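In what follows, a single structure is set out as structure tokens and then discussed.
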Amino acid sequence: MNLTLKIWRQKNAKEQGKIVEYKINNVSPDMSFLEMLDVLNNELIEKGDDPVAFDHDCREGICGMCSLFINGQAHGPDRGVTTCQLHMRKFKDGDTIYIEPFRAKAFPVIKDLVVDRTAFDKIQHAGGFVSVNTSGNTQDANAIPIPKHDADKSFDAATCIGCGACVATCKNSSAMLFVSAKVSQFALLPQGKVEAADRVMNMVAEMDALGFGNCTNTGACEVECPKGISLENIARMNREYLKAAL
Amino acid sequence: MKLDSKIPQGPIDKKWSDYKNHIKLVNPANKRNIDVIVVGTGLAGGSAAATLAELGYNVKAFCYQDSPRRAHSIAAQGGINAAKNYQGDGDSIHRLFYDTVKGGDYRAREANVHRLSEVSANIIDQCVAQGVPLAREYGGLLDNRSFGGTQVSRTFYAKGQTGQQLLLGAYSAMNRQIGRGKIQMYNRHEMLDLVLVDGKARGIIARNLINGEIERHSGHAVVIATGGYGNVFFLSTNAMGSNVTAAWKAHKRGAFFANPCFTQIHPTCIPVTGDHQSKLTLMSESLRNDGRIWVPKKMEDAVAIREGKLKPTQIAEEDRDYYLERRYPSFGNLVPRDVASRAAKERCDAGYGVNATGEAVYLDFASAIERYGKEQARIQHLNENDAKLVYKLGRDVVENKYGNLFQMYEKIVDEDPYTTPMMIYPAVHYTMGGVWVDYNLMSTIEGCYVIGEANFSDHGANRLGASALMQGLADGYFVLPYTIGDYLADDIRTGAIPTDLPEFVAAEKNVQDMIDHLMNNKGSHSVDYFHKKLGKIMWDKVGMARNAQGLNEAMDEIAALREEFYKDVKVSGTAESFNQELEKALRVADFLELGELFAKDALHREESCGGHFREEHQTEEGEAQRDDENFAYAAAWEYKGNPRDAVLHKEDLVYENIKLVTRSYK
Ligand SMILES: Cc1cc2nc3c(=O)[nH]c(=O)nc-3n(C[C@H](O)[C@H](O)[C@H](O)COP(=O)(O)OP(=O)(O)OC[C@H]3O[C@@H](n4cnc5c(N)ncnc54)[C@H](O)[C@@H]3O)c2cc1C
Ligand code: SF4
Ligand code: FES
């Protein structure tokens, strides 16, 4: 396949960025999207140009490091996958593809397509944990039986990879889906109950302080979430928040 | 220098508890005066950082990703072992100990493995207390499954995302300490050198990956938890950034590097398709619980499949060669990974491979779907002769167990693995070698500890499935926090270590010179160009099967490639900014040295054991032939400049509790 790429280039957080056009030929449909960018970068380097910076690590859809807004969609056109799992067979010969960073006030650009998502960590510092000593001197694991249904639901919430697609997609740049996933994971387990009220209050307060917008129930986040984190979590978080605030 | 493994005296099952009862303690008020640097925030580093901070030490933690949550441990799929015997199938600490020593082909240190088995049960308790959602049965109790190399069901899991859930548990424990100010977290920082003062590890030089600044960080001890070095092969299942740099820099400063050639090749990965490929994707070993591995019996069928004229589903049952079940009747598809990998290679080399390149075998779920479907039909009182219904019910069970893996496969290969058998082939997975450490997990540099996949101690020549996660968390939560206290007890009056000491200045200059060289080099090829070349040499000559001639060639070729790299690599951009090419160049420079030592180690070990297979040393049936008389030792290499000049030190492995026998899974 031969493609035209229109890529956001930005030297650093301070400088203005702009879209730059590149042509790339002989793209195999079996390549992943990131492998296609590797090929482009190799060509740029051998020509003496600056390669395009983008975040990635596991390339298996699990670390949450890759991002990219592709043709106006977080992680591109395929449903339920991250950018590293997106394959070029989803595109057609001759396509023009727009590639931009995940934009949000709380995610400043570091370079080109790389953004700073440490705001997500800060929300977790505020309460994304169960306060238990790490000594291992806890009770036997089977002394806390948990109905399979609850454990599965909790697991589903816990599979959020912290990629930020929900924020990038949301017209308000809200982090509700991400935060609610963590709140839900613990709210569904007996281990998390004791400090449930503090957790939700603290995490929500931190989220607001960091400049994320509010949720207006548009639901775009759920659609673009590569891990299928459901809006149900936001509802659960709202209930937890109300309960805690009363 | 004589290697002292510091294994405590006494019977094996008392060593660790006796040891803990007799070590020096640091009182809480004094811990506040002690700084510990932890490099790496995977399962090993994350759990260590959280626990050390909780104990009261000041911790500085480093990782190259933008968040500790993204460490490579996140990708582990299958599960984590623990001798809980929840299933009542005869498991015990001793059996886990035995399986692990045997699995490692008797090249691991008994005392460490026993300790690992002892603390394994605590790991599960700990993780559950932290809210890690491990898989449950309908009764609310924890579920288990079995993994290769064992006959009991002792693997705890969270679907195919066990590493993710365990890491998020450690990450949350870290977050709690970061929130309290006990851990200072340095994201997007890469350790580029180790600083020794008076022979002790006292700090690191790190590069801030966002602005390129070179920073000095001091501490009373340094813990290296930077994972494995499988990426020396370029293609592996490791995350793209996984590297050997921190461990290698410690090696260059005096830490011995043990058994570098012990690498695990995992049998169930998605096969390579083309030159563009950047990494390989693992299909969890747990799939072998239900999937059956086969190739066609008849050569003409294999050829027809490769040419696209036949589909696997058209091959009759009696024309399929379930070669693992045939060769190893008692373990069948659950033989250890090295055995399964070599058996796949053997069939493909003989011409029975099933994809276009002839390097793939089938992993087939048809009979599992039918078996589960019938079981469900019976449970739900439905008609078990209704094939369509049975298929649907069975498919649901399989989907529930492995759904995300199947989805991953489909995305990459563009085929539905429920209806067409998966294609798999072995790939480099993780490394058993690493920095040599004593029982306390301290390297041959005082105050430099190495934990998790970065050290060498617990796995011998083969890591069994679900044992790496166990070791990472055991080291970080339960072992290091004790052993490091014994060392730090002498440092309570030392005070903060200043970073303007000449040793810091010299180490920083060392790093700066290297960066300057790379940036000013007017070469013509990208870093990946060299990395791929290195990977090809490694895979062809130092890979799944090795021989003396190939290894000698590999050493020369790697040395030549290293020279070419320094002359001809081209790194664009500037050093004082975010520069991913420079990051890669610094990592590949170290791989180019490690690769040569790796080959040297494989060359000197004139035997086959676990993941190390020397073609000169095999039985008539093609099984690995160990030489306990001459090679029952860990090979610890001392740095002497050029990797090929490294000097060998031997730690003799003494087996007092387990008898060395031929490892058989027949
Ligand atoms: C696909 C896959 C599946 C697996 N499945 C299983 C399984 O089911 N069961 C099992 O037991 N094992 C499994 N493993 C193996 C297991 O995941 C690893 O052995 C284990 O996670 C290693 O943990 P670690 O903490 O030692 O290192 P890692 O998790 O690799 O962490 C390394 C850390 O070091 C940091 N780092 C590295 N270099 C530097 C540097 N120079 N400066 C600063 N920071 C640095 C990184 O940022 C990271 O934080 C699997 C591995 C893979 C690849
Ligand atoms: S909720 Fe979904 S989109 Fe948002 S961070 Fe988590 S995985 Fe990404
Ligand atoms: S690179 Fe890890 S999720 Fe894409």
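Naming convention: chains lettered A, B, ... in sequence-line order (proteins, then strands); numbering from 1 in each chain. Keep in mind that this is a model prediction, so the values were computed, not measured.
- Proximity to chain A involves both the backbone and the side chain of B:Phe578, based on heavy atoms less than 4.5 angstrom apart.
- Between the A:Asn142 side chain and the B:Leu142 main chain, a donor and an acceptor come within less than 3.5 Å of each other.
- Most heavy-atom pairs under 4.5 Å with chain A: of the set B:Ala173, B:Ala50, B:Ala239, B:Gly163, this distinction falls to B:Ala239.
- Heavy atoms closer than 4.5 Å to chain A are found in the side chain of B:Arg188, but not in its backbone.
- With a 4.5 angstrom heavy-atom cutoff, B:Val413 touches chain A only via backbone atoms.
- Ranked by non-hydrogen atom pairs under 4.5 Å with chain A, the options B:Asn122, B:Leu141, B:Thr281, B:Asn238 are led by B:Leu141.
- Neither the backbone nor the side chain of A:Asn202 has a heavy atom closer than 4.5 Å to any heavy atom of chain B.
- For B:Asn211, no part sits under 4.5 Å from any heavy atom of chain A, backbone or side chain.
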### Message
Between A:Glu60 and B:Gln77, does the side-chain contact (heavy atoms from CB on, under 4.5 Å) criterion hold? Intermediate values first, please.
### Response
CA-CA 11 Å; A:Glu60 286 194 7; B:Gln77 300 173 347; 3.7 Å; yes
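- Within the 4.5 angstrom heavy-atom criterion, no atom of A:His149 approaches chain B.
- Listed here is the closest heavy atom pair of A:Cys160 and B:Leu168: O-CD1, 4.4 Å.
- B:Arg176 contributes a side-chain N or O that, together with a main-chain N or O of A:Val132, makes up a donor-acceptor pair within less than 3.5 Å.
- Formation of a donor-acceptor pair under 3.5 Å by the B:Gln580 side chain with backbone atoms of A:Phe54 is found in this model.
- Options B:Ala158, B:Ser73, B:Gly573, B:Gly139 differ in how many heavy-atom pairs under 4.5 Å they form with chain A, and the most are formed by B:Ala158.
- Chain B forms more heavy-atom pairs under 4.5 Å with one residue of A:Lys111, A:Gln185, A:Glu46, A:Lys122 than with any other, namely A:Glu46.
- Neither the backbone nor the side chain of B:His72 comes within contact range of chain A, judged by heavy atoms closer than 4.5 Å.
- Surrounding NZ of A:Lys11 are at most 12 heavy atoms belonging to other residues, nucleotides or ligands under 6.0 Å away.
- Using modelled atom types, no side-chain atom of A:Gln85 and backbone atom of B:Met408 make a donor-acceptor pair closer than 3.5 Å.
- Contact annotation for B:Gln177: neither backbone nor side-chain heavy atoms come within less than 4.5 Å of a heavy atom of chain A.
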(message) Between B:Ile178 and A:Gln124, does the side-chain contact (heavy atoms from CB on, under 4.5 Å) criterion hold? Intermediate values first, please.
(response) CA-CA 10 Å; B:Ile178 295 172; A:Gln124 305 282 330; over 6 Å; no
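- The most heavy-atom pairs under 4.5 Å with chain A, out of B:Arg69, B:Arg136, B:Lys84, come from B:Arg136.
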Walk me through whether B:Ile412 and A:His87 qualify under side-chain contact (heavy atoms from CB on, under 4.5 Å). CA-CA 7 Å; B:Ile412 295 173; A:His87 278 71; 3.9 Å; yes
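- For the pair A:Arg117 (side chain) and B:Ser67 (backbone), a donor-acceptor distance under 3.5 Å is absent.
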* Would you sort out whether B:Arg70 and A:Asp57 count as a salt bridge (Lys or Arg N to Asp or Glu O under 4.0 Å), showing the intermediate values? => CA-CA 8 Å; B:Arg70 307 204 205 281; A:Asp57 201 18; over 6 Å; no
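- In this structure, the portions of B:Asp66 lying under 4.5 Å from any heavy atom of chain A include both its backbone and its side chain.
- Proximity to chain B (any heavy atom under 4.5 Å) is shown, for A:Val27, by neither the backbone nor the side chain.
- Of the listed residues (A:Ile45, A:Val130, A:Asp152, A:Asp30), the greatest number of heavy-atom pairs within a distance under 4.5 Å of chain B belongs to A:Ile45.
- Within the 4.5 angstrom heavy-atom criterion, atoms from both the backbone and the side chain of B:Gln65 approach chain A.
- The choice from A:Thr118, A:Asp55, A:Leu188, A:Leu189 that makes the most heavy-atom pairs within less than 4.5 Å of chain B is A:Asp55.
- Comparing B:Gln130, B:Met174, B:Lys159, B:Met240 by heavy-atom pairs within less than 4.5 Å of chain A, the highest count is held by B:Met240.
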Inset, instruction - Go through B:Gln165 and A:Thr159 one step at a time and tell me if the side-chain contact (heavy atoms from CB on, under 4.5 Å) criterion holds. - result: CA-CA 8 Å; B:Gln165 293 310 317; A:Thr159 55; 4.2 Å; yes
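- Interface remark: B:Ile270 contributes no atoms to any contact with chain A (heavy atom separation under 4.5 Å).
- Contacts of A:Asp38 with chain B are made by side-chain atoms alone, with heavy-atom separations under 4.5 Å and no backbone atom involved.
- Proximity to chain B is absent for every atom of A:Leu34, based on heavy atoms less than 4.5 angstrom apart.
- B:Tyr171 and A:Asp121 form a side-chain donor-acceptor contact under 3.5 Å, judged by distance and modelled atom types alone.
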